[in-house]
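Given the structure is predicted, the values throughout are model-derived calculations rather than measurements.
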Amino acid sequence: MTSNPPGGQAPGASAGVCKRPGCGNALPAQDRGRARQFCSTGCARRYHNDARIPAPAAAPPAADGSADPLATLEGVTRQAAVLIRAAREQAASLDPARVRAQVAEAEAARRRAEAAAVTAGARAAEAEAETQALAEALDAARADVRAAQSATAAARQQADAAAATLEQARRDAAGHIADARAEAAGQVSAAQSETAQAVRERDDAIAAARRAEAETARARQAGADARAETDRTRADAARERDTLREQHQAQLDAVAALTAAERARAERAEQLLEAERADRRHLTSALAAPASPANGNGNGNGNGNGNGKLPRAASGDGGQQ
C-alpha cells in the first residue's frame, strides 16, 4: 500500500518547531496560507501573554508628599504601552486583510480535508483490491485441494493441511480487511470533522467581516451626523450674527433719533433764548430813551401823570416778555 505525507508535505522536508520557548512541538504542516509559528492556539496565546509588559503596582504616596516623579512616569509609560498594544490587537482583529487571510486559511483547511478524504478512498480501494486477490488465491487453493483429494490419501492429508493453512490465511485476511476498513472509517471521520471545523471557521470569518462592515457604516453615519451638526451650528451662528447686526443697527438708529431730537430741542431753546434777549434789549432801549416834552405837565416823563412810571400795559408786556 502507498502512503502520502500528511498535508501535502514533500518527503524529506524538515518541519518547523513551535516559537514558544519551552514547547518544542513540531508545527502542523500546511500547503497554503501564511507560515505557522505556533503549534496551537494555546501556545500562541501563552507566548503573547508572556510577552506583555506587566503593569507595575502603584507605589503608595510618601508620607511627606515627596513622591518620585520618575517612578510615577515609568508606571504611567508601562500602562500606556499595555493599552496601546491592546488597542492595536483590537484594531488588527477588525482588519479586512486579516479577515480575508482567515477565510483563505479556512479554505486551505477544507481543501486539505478533501485531499485526506480522497487519500482514504484510495486506501480503501487498495484494500478491496487486495481482498479480491486473496479471494482469487483462495479459489485456486480450493481447486488444488479438490485435485489432491482425487489423487491419494497422502494428498488428502496435504489438502487438509493446505485447507488449515488457507483457513488461517482467510482469518488473517479478514483481520487485515477489518483493520483497513476501521482505518478508512477513522480517516473519513477525521476528514469530516476537519471539514466541519473549516466551515465553522469560515462562518466565523464571515461574521467578523460583517461586524467590521457594520462598524464602518456606523463610523460613516457618525461622520455624517457630525457634519450635519456643524452645518446646524453654522446656521445658528449666522442667524445669531444677523440678529445681533439688526439689534446694533436698531440701537444706532435709536441713538441717531435721540441725537436729532436733542439737537432740535437745543435749537428751539436757542431760539427762545434769542427771542428773550431781543425782548430784553427792546425793554432796555425803551427804559433808556429820553422823556418827550409834549406831555403838558412839565414833569418830563412823557406819560401825562407826572409820576415817572410806565403805563400798566407796557409794564405788563415787558414782564411777559
Exercise for the section: State the CD-CD distance between Glu194 and Gln187, to the nearest 0.5 angstrom. Expected result: 10.5 Å
Problem - Salt bridge flag under 4.0 Å for residues Arg280 and Glu276 - result: yes
Handout entry: Heavy-atom closest contact (Phe38 atom, Lys19 atom, distance)
Key = CE2-CB, 3.8 Å
Exercise for the section: Please report the shortest heavy-atom distance between Leu27 and Arg36, naming the atom on each side. Expected result: CD1-O, 3.1 Å
Fill in the blank from the handout: Residues pairing under side chain to side chain donor-acceptor pair (under 3.5 Å) where one sits in residues 263-274, two or more places apart or in two chains, turn out to be Glu262-Arg265
Exercise for the section: Decide side chain to side chain contact (heavy atoms under 4.5 Å, CB included) for Gln249 and Asp253; before the verdict, give the C-alpha distance in whole Å, the side-chain angles of both, and the deciding distance to 0.1 Å. Expected result: CA-CA 6 Å; Gln249 187 63 34; Asp253 295 340; 3.3 Å; yes
Practice task
Report the distance from atom CD of Glu183 to atom CG of Asp179, rounding to the nearest 0.5 Å.
Solution key: 8.5 Å
Practice task
Taking all heavy atoms of Arg170 and all of Leu138, pick out the closest pair and write down the distance.
Solution key: NH2-CD2, 3.3 Å
Fill in the blank from the handout: d(Asp160 CG, Leu166 CG) to nearest 0.5 Å is 12.0 Å
Fill in the blank from the handout: So CG of Leu134 and CG of Asp139: to nearest 0.5 Å the spacing works out to 11.0 Å
Practice task
Kindly determine whether Arg232 and Glu229 satisfy salt bridge (Lys or Arg N to Asp or Glu O under 4.0 Å), including the steps that lead there.
Solution key: CA-CA 5 Å; Arg232 285 195 297 271; Glu229 184 65 25; 2.4 Å; yes
Problem - Worked check of side chain to side chain contact (heavy atoms under 4.5 Å, CB included) between Asp242 and Arg245 - result: CA-CA 5 Å; Asp242 295 338; Arg245 185 184 295 111; 2.8 Å; yes
Problem - Heavy atoms of other groups near Arg46 CZ, more than 12 under 6.0 Å - result: no
Handout entry: Euclidean distance, Glu128 CD relative to Arg181 CZ, rounded to 0.5 Å
Key = 7.5 Å
Handout entry: Between Arg200 and Gln197: side-chain donor-acceptor atoms closer than 3.5 Å
Key = yes
Problem - Nearest-0.5 Å distance, CG of residue Leu287 to NE2 of residue His282 - result: 9.5 Å
Problem - Verdict with reasoning, Asp279 to Leu283, per side chain to side chain contact (heavy atoms under 4.5 Å, CB included) - result: CA-CA 6 Å; Asp279 292 340; Leu283 180 60; over 6 Å; no
Problem - For Cys18 against Cys39, the heavy-atom pair lying closest together - result: SG-N, 3.5 Å
Exercise for the section: Verify the neighbour count for atom CZ of Arg210: are there more than 12 heavy atoms of other residues, nucleotides or ligands below 6.0 Å? Expected result: no
Handout entry: Intermediate values then yes/no, side chain to side chain donor-acceptor pair (under 3.5 Å), Arg171 and Gln168
Key = CA-CA 5 Å; Arg171 287 193 296 269; Gln168 183 64 32; 2.5 Å; yes
